[in-house]
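First up is the structure itself, then whatever we jot down about it.
From a predicted model like this one, the values you see are computed outputs, not experimental measurements. The chains referred to below are lettered A, B, ... by the order of the sequence lines, with proteins before strands, and numbering in each begins at 1. The basis for the numbers below is simple: all heavy atoms, side chains too, and nothing from hydrogens, waters or symmetry mates.
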Protein chains: 2
Amino acid sequence: MSRTPSNGTKASSSNGTGTGTAPVRTLDDLAALSGVSRATVSRVINGGPVSEATRRRVQTALEGTNYRPNAAARTLASGRSGVVGVVMHLDPHMLFRDPYFSQLLQGMSDALSEQAIGMMLWLGNRSKEETLDHILWMGLLDGVIATAHEQEDRLVDGLLASSLPTVLVGHRRADPAASYVDVDHVHAADTITTHLVTIGRRRIGHITGRRGTVAGEDRLAGYLRAMRRAGLRTDALIVDGDFNKASGTAGALELLDRGIDGLFCANDAMADGALEAIRVRGLRVPDDVALAGFDDLDFAAQLDPPLTTIRQGVRQLGTEAALTLFQLLKDPAGGPRRVILPTELVIRQSTVGGVQRA
Amino acid sequence: MSRTPSNGTKASSSNGTGTGTAPVRTLDDLAALSGVSRATVSRVINGGPVSEATRRRVQTALEGTNYRPNAAARTLASGRSGVVGVVMHLDPHMLFRDPYFSQLLQGMSDALSEQAIGMMLWLGNRSKEETLDHILWMGLLDGVIATAHEQEDRLVDGLLASSLPTVLVGHRRADPAASYVDVDHVHAADTITTHLVTIGRRRIGHITGRRGTVAGEDRLAGYLRAMRRAGLRTDALIVDGDFNKASGTAGALELLDRGIDGLFCANDAMADGALEAIRVRGLRVPDDVALAGFDDLDFAAQLDPPLTTIRQGVRQLGTEAALTLFQLLKDPAGGPRRVILPTELVIRQSTVGGVQRA
DNA sequence: GCCTCCTATGAAAGCGCTCTCAGCCTAGGT
DNA sequence: ACCTAGGCTGAGAGCGCTTTCATAGGAGGC
């Protein structure tokens with residue numbers, strides 16, 4: 001193994017200072033070139049206190065070269081790498097299918113690239129234990145953002161227990177010391193259920209999300225809270241789903257047999273499935289059954305009829321997670337940060353027939 | 001700024017060696033603990049030549065601690081970081097919509113995590129110039145994999161011109177020195193067009209992919225080659241598309257007016273759109289118009305009728321790109337590597353009515 | 001029993017940068 | 001003119017690790 005920095009197969013002929021000159025690779029080279037000390041060059045590059053004249057002189061020298069600071073040396077000396085980890089440990093097909101995760105990733109990427117922070121990504125290729133191990137042994141990370149949709153998650157536990165500053169997307173009630181970003185699922189589910197109540201529905205069914213996930217449990221809790229407040233019964237009106245379209249169809253068929261005039265599905269995909277079930281039974285939406293979802297993914301507005309749902313800014317959730325991590329890094333002693341983003345009830349024709357399109 | 005490694009807000013009380021003992025953070029700590037030199041501990045950790053007895057002794061000491069090597073120091077000393085960059089500079093909505101990219105990413109992630117290599121990701125958040133700058137200033141990368149679907153791409157040019165070992169996904173004829181992984185679009189398009197010819201179609205239209213992309217141009221070239229070889233005319237049978245469904249519908253409407261009995265769309269999404277157009281015109285598939293796509297995305301088999309198309313192993317393309325980069329890093333002097341993955345013609349009912357489902 | 005060769009280990013020189021500390025020089029107050 | 005304060009700059013000490021080089025100690029050949 002050579003000590004020279006990786007140079008590929010490409011000859012780096014141009015160093016900008018003319019042929020025959022040694023390439024400018026280190027701060028010392030640059031210092032020699034501009035006639036100041038290494039420390040001063042470092043100050044210029046990192047925006048330290050330097051006189052205007054000196055700054056200009058070094059800048060001029062710098063521009064003639066293709067000098068790039070050595071990130072490893074910088075990290076070693078300063079203790080910060082400018083790299084954060086993003087952990088999305090989930091089934092591959094989830095990442096493919098569910099726009100939620102790509103949007104989340106985009107949101108994070110936006111905020112990170114804004115600050116010129118690097119983003120290392122871990123997906124669900126390996127077991128949670130192995131992934132945790134990789135992350136911790138990687139070193140090099142200033143902090144990490146992890147999706148925490150399961151209520152129990154060894155990977156998340158491991159990150160929180162480590163010394164890595166960690167921000168979760170999604171929260172877990174059991175972690176009082178964790179920093180996280182999330183929406184208030186209970187409140188949002190309550191709101192949309194109440195909407196169904198308000199338009200006069202009495203037998204309102206619920207198809208839950210995957211049990212054991214925060215979103216699944218909390219949305220159920222919100223539904224229950226709204227129903228209880230309205231004095232409505234919920235027994236035999238709840239069917240477990242798993243967030244996938246097929247479980248929406250199956251669940252809806254079951255509930256339709258038991259007789260419902262309203263249906264709140266824990267996400268849009270299942271509402272889409274439920275729509276098919278309702279159609280199969282020859283019923284009309286919203287006349288016979290008012291239908292509501294959760295997420296407001298793109299397709300929700302394209303359904304026939306367009307779907308009433310809860311809009312959460314998934315992309316914003318991602319940016320907010322990154323910003324929260326920045327704060328955590330800036331002031332590690334500031335204690336855990338929690339951010340709850342607002343949601344919005346989007347009313348469309350699946351609950352209110354004659355309404356204008358949103 | 002403190003020099004201490006980032007420690008978050010969490011107290012790291014356990015160092016595994018009992019209360020009151022100083023935490024084991026460095027090789028020197030570990031060396032003192034196990035009574036050998038730092039060099040020997042380093043050898044144990046990195047699998048260097050060490051006697052079995054010594055190895056065991058160090059391992060034992062190691063297990064009692066939560067020691068993690070400092071990645072920055074390691075990188076600085078060795079010149080390798082164990083991190084590669086992945087660049088997918090494209091419109092955000094592409095990343096959302098097109099399963100191609102998530103699958104590609106998964107494939108890369110598979111191969112990289114297999115080798116415990118870190119993956120830094122750059123998406124299209126900022127301009128190509130800025131992104132290139134970030135990547136090059138990031139340092140720290142052993143190499144980079146970039147998607148190169150456009151024939152002209154400043155970002156790709158910049159990476160190739162840099163000293164970073166680079167592997168492209170997709171190729172560009174103009175880069176004889178570039179390493180890449182791709183499929184033979186020309187050949188595949190020729191094959192599927194020839195299939196249409198074989199089943200007796202004579203007026204075979206083509207809706208191109210976005211012009212200026214390798215896939216768009218090469219698939220067109222393959223179509224033309226097959227048609228020419230078959231002695232068939234192509235004038236007025238080609239309409240430009242852009243890979244999106246809508247352009248498939250529009251293009252098909254146009255071609256149907258001109259009279260066709262076969263249609264090859266440059267990807268499945270456009271074929272899906274074309275299917276709608278054909279239905280609008282009251283024509284039957286494949287009786288009146290035989291229809292073929294390209295990609296074999298999940299939905300292709302779900303269409304009615306199921307779509308004849310070209311299957312390319314997108315995920316495999318990703319893994320192969322990573323493996324190619326590994327080779328490049330192992331033997332930088334070995335010259336550019338090129339990998340062309342095979343494609344497969346998948347015949348379904350959209351071209352051959354009575355055929356068994358694949 | 002002596003010399004050679006090889007293996008296992010330790011010592012120490014960096015890798016390129018950040019940041020503290022001390023010193024210099026100028027400016028301003030008296 | 002003298003002293004103080006403060007702004008710039010340079011020297012240099014690490015940051016924690018890898019890797020070369022030298023050495024010690026055995027094993028084996030003669």
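The shortest distance between the side-chain N/O atoms of A:Arg25 and the OP1/OP2 oxygens of C:dG16 is below 4.0 Å. For the OP1/OP2 pair of D:dT9 and a distance below 4.0 Å, the side-chain nitrogens and oxygens of A:Ser51 include at least one atom meeting the criterion.
In the set C:dG16, C:dA13, C:dA11, the nucleotide with an atom closest to the side chain of B:Ala39 is C:dA11. When the nucleotides C:dC17, C:dG10, D:dT9 are ranked by their closest atom to the side chain of B:Ser37, C:dG10 comes out on top. Of the listed nucleotides (D:dG14, D:dT9, C:dA8), C:dA8 has the atom at the smallest distance from the side chain of B:Thr54. With D:dG16, C:dA8, C:dT18 as the choices, the nucleotide that has an atom nearest any side-chain atom of B:Thr26 turns out to be D:dG16. Proximity note for B:Ala73 (side chain, C-beta onward) versus D:dC15, D:dG16, D:dT9: the nearest is D:dG16. Here the nucleotide nearest the side chain of B:Thr40, chosen from D:dG14, D:dC8, C:dT9, is C:dT9.
Rounded to an integer number of Å, the gap from CD of A:Glu52 to P of D:dG7 is 16 Å. Protein atom CG of B:Asn70 is 13 Å distant from nucleotide atom C1' of C:dC17, rounded to whole Å. What separates CG of B:Leu27 from C1' of D:dG14 is a distance of 16 Å, to the nearest Å. Taking atom CZ of A:Arg74 as the reference point, atom P of D:dG16 lies 19 Å away to the nearest angstrom. For A:Asn46 and C:dC19, the CG to P distance is 7 Å, given to the nearest whole Å. Look at CD1 on B:Ile45: it is 7 Å from P on D:dT18, rounded to the nearest Å. Nucleotide D:dG16 holds its P atom 7 Å from the CG atom of A:Leu76, rounded to whole Å. Atom pair B:Tyr67:OH and D:dG16:P shows a separation of 10 Å (rounding to whole Å applied).
Classification of A:Asp110 and A:Arg315 as a salt-bridged pair holds, one side-chain N sitting under 4.0 Å from a carboxylate O. Under 4.0 Å is where a charged nitrogen must lie from a carboxylate oxygen, and between A:Arg38 and A:Asp29 no such pair does.
No donor-acceptor contact under 3.5 Å links the side chain of A:Arg68 to the base of C:dG16. Judged by distance alone, with hydrogens and angles left aside, B:Arg43 brings no side-chain donor or acceptor close enough to the base of D:dT18 to form a pair under 3.5 Å.
When each of A:Asp153, A:Asp157, A:Asp133 is checked for a side-chain hydrogen bond (donor to acceptor under 3.5 Å, both in side chains) with A:Lys128, only A:Asp153 meets the rule.
Each of A:Ser42 and B:Gly35 lies near DNA chain C, and the nucleotide nearest B:Gly35 is the one positioned closer to the 5' end.
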- Message: Test side chain to side chain contact (heavy atoms under 4.5 Å, CB included) on A:Arg338 and A:Thr324; report intermediate values, then the result.
- Response: CA-CA 8 Å; A:Arg338 284 82 184 277; A:Thr324 303; over 6 Å; no

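Atom CG of A:Leu121 sits about 6.0 Å away from atom CG of A:Leu105, to the nearest 0.5 Å.
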